[in-house]
Amino acid sequence: MLKPKWFYPSYKKDVGEWAWILHRLGGLALIFYLFLHIFVTNRLAAGPEAFNATMKALSTPVFKFLEWGLWGVILFHAFNGIRLVLVDFAGASKYQKLLFWIAFVLFLALWIPAAWKFFL
Amino acid sequence: MVGSKALVKRNKGALSWFLQRITALYLFVFLIAHFVIMHFTGSGEVTYQAVAPRLSSPLWKAGDLLFLIFALYHGLNGLWQVLEDYTKSRGLRLFFYSLILTMGIILLVVGTVTIFSVKV
């Protein structure tokens, strides 16, 4: 019987479990976004006027907020992904907790200050 | 028979595990650069006039094409891993696998059309 890992994570209860859950949720959000993104950017093929009109329609405060959120999801998934590559390829499993906190600090440090670019 | 089948499946899993990490490294660099260029450099406004000069260069086209292929592979492979974790029926897995493959082909075509719509 296959137990859903979501409810039965194979990790012991430490930050690695949270990293696993956030990495998975973030990944799902990103593939959903990529679907939309590929179709929206295809407006380039319709020419300058059509593309600029679409981009203008997608630059309301709500979309700006979502873009800032997207940047956060990207950063967390990216830095935690490097942590996973280091664990798998560089034998860093001994340091996985430390690496999680390094990834988490880098994510916050690049995400929070980026807000000014989207809201000002 | 059963043994060789299991072996093939194991090897296939190992390859997708490996490719997931290789594409991750390319995406780490290119996706972060992509987001920074689009949102943190220039006016922050996405227009055809801002995008076209880059996309008319053959080098950017090549980099973006690889970006598209790797992002789709990484995202859809990740989605497949998630779906495999929560489904055990053969029929349902086949359905999801076909859906992912179909979406992958459609998105690859749409994205490629976008990249080549901006003339050199």
Side-chain angles (χ1 to χ4, degrees), chain A residues 1-8 10 23-56 58-59 64 67-68 70-71 74-75 77-82 84-89 110 114 116-118 120, chain B residues 17-18 20-25 27-32 34-36 38-41 43-52 55 64 67-68 71-72 74-89 93 100 103-104 106-118:
Chain A
M1 165 92 192
L2 181 97
K3 287 181 176 177
K5 284 185 186 170
W6 173 257
F7 295 105
Y8 303 95
S10 51
H23 200 79
R24 176 157 285 200
L25 284 178
L28 288 171
L30 289 173
I31 186 64
F32 176 71
Y33 174 77
L34 184 63
F35 277 35
L36 303 177
H37 189 56
I38 287 176
F39 282 108
V40 169
T41 46
N42 186 253
R43 293 294 286 159
L44 271 172
E49 290 81 18
F51 182 76
N52 289 350
T54 305
M55 287 302 112
K56 205 169 173 62
L58 297 177
S59 60
K64 290 277 172 202
E67 268 172 355
W68 178 62
L70 173 69
W71 182 225
I74 289 169
L75 287 171
H77 200 85
F79 285 117
N80 189 55
I82 294 295
L84 297 176
V85 171
L86 288 173
V87 165
D88 284 352
F89 284 170
L110 292 175
W116 71 267
K117 192 73 191 176
F118 292 95
L120 291 178
Chain B
W17 171 87
F18 183 71
Q20 193 71 354
R21 276 140 191 83
I22 296 301
T23 51
L25 294 174
L27 292 173
F28 183 83
V29 175
F30 214 95
L31 176 49
I32 289 177
H34 172 67
F35 201 96
V36 167
M38 297 306 293
H39 295 288
F40 301 130
T41 65
S43 69
E45 219 182 319
V46 180
T47 61
Y48 190 94
Q49 290 71 19
V51 173
L55 208 47
D64 273 331
F67 187 32
L68 174 70
L72 279 175
H74 189 92
L76 293 174
N77 189 38
L79 181 60
W80 172 237
Q81 282 174 27
V82 173
L83 289 171
E84 240 190 340
D85 274 351
Y86 302 110
T87 54
K88 70 186 189 97
S89 120
R93 281 190 178 186
I100 285 174
M103 283 311 291
I106 293 171
L107 289 161
L108 186 64
V109 170
V110 172
T112 305
V113 166
T114 307
I115 291 169
F116 289 100
S117 72
V118 179

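Lettering of chains follows the sequences in order, A, B, ..., and the numbering in each one begins at 1.
How far NE2 of His39(B) is from CG of Leu70(A): 7.0 Å, rounded to the nearest 0.5 Å. Going from atom OH of Tyr48(B) over to atom CD of Glu49(A) covers 9.5 Å, rounded to the nearest 0.5 Å. Atom CD of Glu45(B) and atom NZ of Lys56(A) lie 6.0 Å apart (nearest 0.5 Å). One finds the CG atom of Leu68(B) at 10.0 Å from the NE2 atom of His37(A) (value rounded to the nearest 0.5 Å).
Contact annotation for Leu72(B): both backbone and side-chain heavy atoms come within less than 4.5 Å of a heavy atom of chain A. For Ile74(A), the part lying under 4.5 angstrom from a heavy atom of chain B is the side chain only. Neither the backbone nor the side chain of Val29(B) comes within contact range of chain A; no heavy atom of the residue lies under 4.5 Å from a heavy atom of that chain. Only the side chain of Leu28(A) comes within less than 4.5 Å of a heavy atom of chain B; its backbone N, CA, C and O stay farther away. With a 4.5 Å cut-off on non-hydrogen atoms, Ile82(A) touches chain B through its side chain but not through its backbone. For Leu31(B), the part lying near chain A is the side chain, with the backbone staying farther off; criterion is any non-hydrogen pair under 4.5 Å. Only the side chain of Phe118(A) comes within less than 4.5 Å of a heavy atom of chain B; its backbone N, CA, C and O stay farther away.
Leu76(B) places a side-chain heavy atom less than 4.5 Å from the side chain of Phe35(A). Using a 4.5 Å heavy-atom cutoff, the side chains of Ile38(A) and Thr114(B) are not in contact. Side-chain contact between Leu79(B) and Phe32(A) is absent, with no heavy-atom pair separated by less than 4.5 Å. A heavy-atom distance below 4.5 Å is found between the side chains of Trp17(B) and Asp88(A).
Across Glu67(A) and Phe35(B), no two heavy atoms sit closer than the pair O-CZ, 3.7 Å. Residues Gln81(B) and Arg24(A) come closest through the heavy atom pair O-NH2, 4.3 Å. Residues Ala114(A) and Phe40(B) come closest through the heavy atom pair CB-CZ, 3.8 Å. Residues Ile32(B) and Ala78(A) share a closest heavy-atom pair of CD1-CB, 4.3 Å.
Residue-environment remark: CZ (Phe18(B)) stays at or below the threshold of 12 foreign heavy atoms within 6.0 Å.
Formation of a donor-acceptor pair under 3.5 Å by the Asn52(A) side chain with backbone atoms of Thr47(B) is not found in this model.
Ranked by heavy-atom pairs under 4.5 Å with chain A, the first of Val82(B), Val46(B), Ile106(B) is Val82(B).
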